[in-house]
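A quick write-up on the structure given underneath.
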Amino acid sequence: MPSNYSSRSRTRDRNNVLGRPEFMSLNQPLRGGITSECRVPARKPGQIKNQTSQPSEEPTDSTNKERKEPAKLPEEDCMLLNPSFKGIAINSLLAIDICMSKRMGVCAYTSSSWGSVRSMITLLALTGHGITWIFGTIVCLTRSETLAGQEVLVNLLLALVLDVMTVAGVQKLVKRKGPWEMAPGFFDYIAMDVYSFPAAHASRAAMVSKFLLSHLVLAVPLRILLVLWALLVGMSRVLLGKHHLTDMACGFALGLLHFSLVESVWLSSGACQTLISIGTLSWSPFN
């Protein structure tokens, strides 16, 4: 029996791979008294750096919010990935409007292609200025001696004031600039015609021409010239680079709307005489 046990043990030692000389170092304990059971798995340098930095870093609430909420880009820097058909159509029409308005601004500067006639176009645009029409209406009102003429002139004056105030309010609200970067003139500041949309000259020309055609008896050639004058006044501001084509079109529509409004609230002759008396400081409530 002892011989069989010894032969089995020798056979087991021969079959044991760790008993070979080249693997004897694996059976030896590590230096410093650390056994193989206490071995710590190797860590990557990135993990060690993160673990060492964690105790020192104490993120506050503000930093957490900044990480959770990424910085938002301005609206002009953002790209709409799925625009609607309506948005594409509007942007395309605006681009066409700006391009055509720039090409039609042939009198924008003296060095432009039609710069030689710039002074003539400026004079034509001046005939549709609000200050020109308001001053001329007041002069005619002081010289008028008939009640019918004074009634028409007072209502025309109210229509001009309404047009100036309405257009100035819409321009201040929209704040659209013209196709060419130009500073407004002195008379533009007086008439509060600073921005581009809607075109004040076009609105005033459409309103005045419609008003005169409705309340004055004119021959056919004069009626044609009056309509042609309104169209040329509106176009002159586009040639000077002050307005877009859409500004001119909306100005014409707004002028016709002002005419309809004045016609609906037309002041009678008695009301006009009362306003004239108040304006000349000769009105008395006991008369």
Side-chain angles (χ1 to χ4, degrees), residues 105 107-108 117-144 149-178 180 182-216 225-244 247-259 261-262 267 272 275-276 278-281:
C107 300
V117 295
R118 175 179 168 80
S119 58
M120 187 183 302
I121 300 298
T122 304
L123 184 61
L124 176 62
L126 189 61
T127 60
H129 204 281
I131 301 300
T132 305
W133 275 99
I134 291 175
F135 180 76
T137 304
I138 293 175
V139 171
C140 293
L141 185 60
T142 56
R143 295 179 177 275
S144 178
Q150 292 176 358
E151 178 184 351
V152 172
L153 290 173
V154 168
N155 284 277
L156 177 59
L157 182 61
L158 294 178
L160 290 171
V161 174
L162 174 66
D163 180 81
V164 170
M165 299 302 294
T166 305
V167 171
V170 176
Q171 286 187 357
K172 191 68 175 179
L173 182 64
V174 178
K175 293 183 178 181
R176 187 187 187 187
K177 295 183 179 181
W180 299 92
M182 293 182 179
F186 176 73
F187 290 103
D188 294 334
Y189 279 110
I190 295 178
M192 295 178 290
D193 186 12
V194 180
Y195 294 100
S196 176
F197 181 88
H201 289 67
S203 174
R204 198 167 302 111
M207 188 271 297
V208 168
S209 62
K210 184 66 175 175
F211 189 94
L212 296 180
L213 289 174
S214 299
H215 296 284
L216 294 181
L225 288 177
L226 191 59
V227 174
L228 185 61
W229 165 81
L231 294 175
L232 290 178
V233 167
M235 186 61 65
S236 65
R237 299 289 288 178
V238 178
L239 296 177
L240 292 172
K242 298 287 187 179
H243 296 287
H244 300 85
D247 302 337
M248 180 186 66
C250 292
F252 284 142
L254 189 61
L256 296 177
L257 180 62
H258 290 158
F259 169 77
L261 183 60
V262 170
L267 297 180
C272 293
L275 291 178
I276 292 173
I278 295 174
T280 56
L281 302 178

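Model, not experiment: these values are computed from the prediction.
A pairwise comparison of heavy atoms in G178 and S196 identifies N-CB, 3.6 Å as the closest pair. Here the shortest heavy-atom pairing between A200 and V167 reads CB-CG1, 3.6 Å. The minimum heavy-atom distance linking A202 with G234 is given by the pair CB-CA, 4.1 Å. Between A230 and S209, the shortest heavy-atom distance links the atoms CB-OG, 3.8 Å. Smallest separation of non-hydrogen atoms from S214 and F259: OG-CZ, 3.2 Å.
Counting heavy atoms from C-beta outward, E151 and L267 have side chains that stay 4.5 Å or more apart. Looking at heavy atoms from C-beta onward, Y195 lies out of side-chain contact with R176 at the 4.5 angstrom threshold. Residues S203 and F252 form no side-chain contact, since every pair of their non-hydrogen atoms from C-beta on lies 4.5 Å or further apart. L232 has its side chain within reach of L228: a pair of non-hydrogen atoms, C-beta onward, lies under 4.5 Å apart. Proximity of L160 to M207: side-chain heavy atoms (C-beta onward) are separated by under 4.5 Å at one or more points.
Side chain of R204 to backbone of V164: no donor-acceptor contact under 3.5 angstrom is found. Side chain of S144 to main chain of C140: no donor-acceptor pair is present (N/O by atom type, distance under 3.5 Å, no hydrogens or angles). Side chain of Q171 to main chain of V194: a donor-acceptor pair is present (N/O by atom type, distance under 3.5 Å, no hydrogens or angles). Panel note: side chain R237, backbone K242; no donor-acceptor pair is recorded below 3.5 Å. For the pair S236 (side chain) and V233 (backbone), a donor-acceptor distance under 3.5 Å is present. Side-chain atoms of D247 do not come within 3.5 Å of backbone N or O of P198 as any donor-acceptor pair.
Here the straight-line distance linking atom NE2 of H258 with atom OG1 of T166 works out to 3.5 Å at 0.5 Å rounding. Rounded to the nearest 0.5 angstrom, I276 CD1 and L141 CG are separated by 4.5 Å. Between the CG atom of L213 and the NZ atom of K210 there is a distance of 7.0 Å, given to the nearest 0.5 Å. Taking CG of L261 as the reference point, atom CG of D163 lies at 11.0 Å (rounded to 0.5 Å). Once rounded to the nearest 0.5 Å, the distance linking CG of L231 with CG of L226 reads 10.0 Å.
Qualifying ring pair (Phe, Tyr, Trp, His ring centres under 6.0 Å) partners for H243, counting only residues two or more places apart in sequence or in other chains: none. In this view, W229 and T127 satisfy the side chain to side chain donor-acceptor pair (under 3.5 Å) rule, not counting sequence neighbours.
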Quiz item: Should N155 and F211 be marked as a side-chain contact (heavy atoms from CB on, under 4.5 Å) after you check the CA-CA gap, both sets of side-chain angles, and the distance that decides it?
Solution: CA-CA 10 Å; N155 284 277; F211 189 94; 4.3 Å; yes
Quiz prompt | Audit row: H215, L156, side-chain contact (heavy atoms from CB on, under 4.5 Å) steps and yes/no | solution = CA-CA 10 Å; H215 296 284; L156 177 59; over 6 Å; no
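Screening V208, L157, V161 for a side-chain contact (heavy atoms from CB on, under 4.5 Å) with T137, the sole residue that qualifies is L157. Remark: of the listed residues T132, I138, V139, V139 is the sole one forming a side-chain contact (heavy atoms from CB on, under 4.5 Å) with F135.
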